[in-house]
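Numbers here simply count residues along the sequence, with the first being 1.
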Amino acid sequence: MTETLEYKTVTVQEVGTWVQVAVEKDFPSNGGVCAEHKGLQVAVFNFSRRNEWYATQNLCPHKQQMILSRGMLGSEGEEPKVACPFHKQTFSLKNGKNLNGDHCALATYPVKIENGYVYVGFKN
Ligand code: FES
């Protein structure tokens, strides 16, 4: 039986598995990389201007493009956001909310840095 892959927000409390995705120093500043876990692609962001890390689904819900790891990071007031490179829809990095349109929100995932490695939290 094939399991249906679904992007669903994971809170820190729900994390069952921390997956190591990269070495911290190899990450681009103010940029993202794509990582995969059990068929799910996530975009992991090093928002170095704010000294913050975020992870969201890599799939942009607008036209179903696997692209968000190449999005532009910015802030709207206090809200950190990523803009999809295709049609510039923007999403909150904190909760995945679409900030300027009626498309679905993104799933978000916890990120932690430990001993120089970047980890993303998944349920399992
Ligand atoms: S595909 Fe991302 S905004 Fe259109």
Side-chain angles (χ1 to χ4, degrees):
M1 193 170 92
T2 19
E3 199 182 322
T4 313
L5 296 175
E6 190 188 2
Y7 291 102
K8 213 157 176 251
T9 289
V10 177
T11 64
V12 176
Q13 294 76 20
E14 293 171 327
V15 171
T17 308
W18 286 101
V19 175
Q20 191 184 90
V21 295
V23 178
E24 182 185 6
K25 68 175 176 50
D26 291 345
F27 242 85
S29 294
N30 297 302
V33 303
C34 177
E36 193 187 326
H37 175 63
K38 294 188 174 175
L40 289 178
Q41 281 189 31
V42 292
V44 189
F45 301 103
N46 174 15
F47 204 158
S48 43
R49 269 198 307 278
R50 295 173 60 117
N51 198 24
E52 294 168 351
W53 291 80
Y54 294 99
T56 68
Q57 66 187 54
N58 194 34
L59 181 72
C60 179
H62 177 225
K63 295 280 185 189
Q64 307 295 308
Q65 299 290 326
M66 287 293 187
I67 191 65
L68 289 173
S69 63
R70 291 166 57 195
M72 282 276 294
L73 301 181
S75 299
E76 191 163 305
E78 286 301 298
E79 196 74 12
K81 64 179 184 178
V82 59
C84 176
F86 279 128
H87 314 99
K88 310 295 184 265
Q89 292 279 315
T90 58
F91 301 89
S92 163
L93 289 168
K94 283 194 169 161
N95 55 27
K97 187 172 179 284
N98 189 321
L99 297 173
N100 62 353
D102 52 4
H103 298 288
C104 327
L106 305 178
T108 59
Y109 302 84
V111 180
K112 73 174 181 180
I113 312 298
E114 224 171 69
N115 300 323
Y117 289 92
V118 182
Y119 295 82
V120 176
F122 295 91
K123 279 194 178 158
N124 50 47

* **With sequence neighbours excluded, residues passing salt bridge (Lys or Arg N to Asp or Glu O under 4.0 Å) with Lys123** => Glu14
Compile the donor-acceptor pairs under 3.5 Å between side chains in residues 17-26 and protein atoms, sequence neighbours left out, one pair per line.
| from | atom 1 | to | atom 2 | distance (Å) |
| --- | --- | --- | --- | --- |
| Gln20 | NE2 | Tyr119 | OH | 3.1 |

* Shortest non-hydrogen contact from Thr9 to Leu106? -> OG1-O, 4.0 Å
* Structure fact -> Asn30 meets the side-chain hydrogen bond (donor to acceptor under 3.5 Å, both in side chains) criterion, sequence neighbours left out, with Ser48
* Asked: Who passes ring-ring contact (aromatic ring centres under 6.0 Å, His included) against Tyr109, sequence neighbours left out?
  -> Phe122
* Asked: Out of curiosity, does Val120 fall in the hydrophobic cluster containing Ile113 (side-chain heavy atoms, cut-off under 4.5 Å, transitive links)?
  -> yes
* Asked: For the atom pair OH (Tyr7) and OG1 (Thr108), what is the distance rounded to the nearest 0.5 Å?
  -> 13.5 Å
* To do: Check side-chain contact (heavy atoms from CB on, under 4.5 Å) between Lys63 and all other residues, then give those that pass, not counting sequence neighbours.
  => Gln65, His87
* For residues 31-40, which residue pairs qualify under side-chain hydrogen bond (donor to acceptor under 3.5 Å, both in side chains), counting only residues two or more places apart or in two chains? -> none
* Asked: What pair of heavy atoms forms the shortest contact from Asn100 to Asn98, and how long is it?
  -> N-OD1, 3.0 Å
* Heavy-atom pair of closest approach, residues Phe45 and Gly32 -> CD2-CA, 3.8 Å
* Please examine the side chains of Phe91 and Thr56, heavy atoms only from C-beta on, and report whether any two atoms are closer than 4.5 Å. => no
* Partner residues of Lys8 under the salt bridge (Lys or Arg N to Asp or Glu O under 4.0 Å) criterion, sequence neighbours left out -> none
Ignoring hydrogens and angles, write down the donor-acceptor pairs under 3.5 Å from the side chains of residues 73-84, residues two or more places apart or on other chains.
| from | atom 1 | to | atom 2 | distance (Å) |
| --- | --- | --- | --- | --- |
| Ser75 | OG | Arg50 | NH1 | 2.9 |
| Glu76 | OE1 | Lys81 | NZ | 3.3 |
| Glu79 | OE2 | Ser92 | OG | 2.5 |

* To do: Return the set of residues passing side-chain hydrogen bond (donor to acceptor under 3.5 Å, both in side chains) with Lys88 (not counting sequence neighbours), or none when no residue passes.
  => none
* Closest contact, heavy atoms only, Val44 versus Phe27 -> O-CE2, 3.4 Å
* **Same cluster (ILVMFWY, side-chain, under 4.5 Å), Leu40 and Val15** => yes
* Treat each ILVMFWY residue as a node, draw an edge where side-chain heavy atoms are under 4.5 Å apart, and state whether Met66 and Val33 are in one component. => yes
* **Residue list, side-chain contact (heavy atoms from CB on, under 4.5 Å) with Cys34, at least two apart or on another chain** => Gln41, Asn58, Ser69
* So, Gln57 side chain and Val42 main chain: donor-acceptor pair closer than 3.5 Å or not? -> no
* Minimum-distance pair of heavy atoms, taken over all atoms of Pro110 and Val10 -> CD-O, 3.2 Å
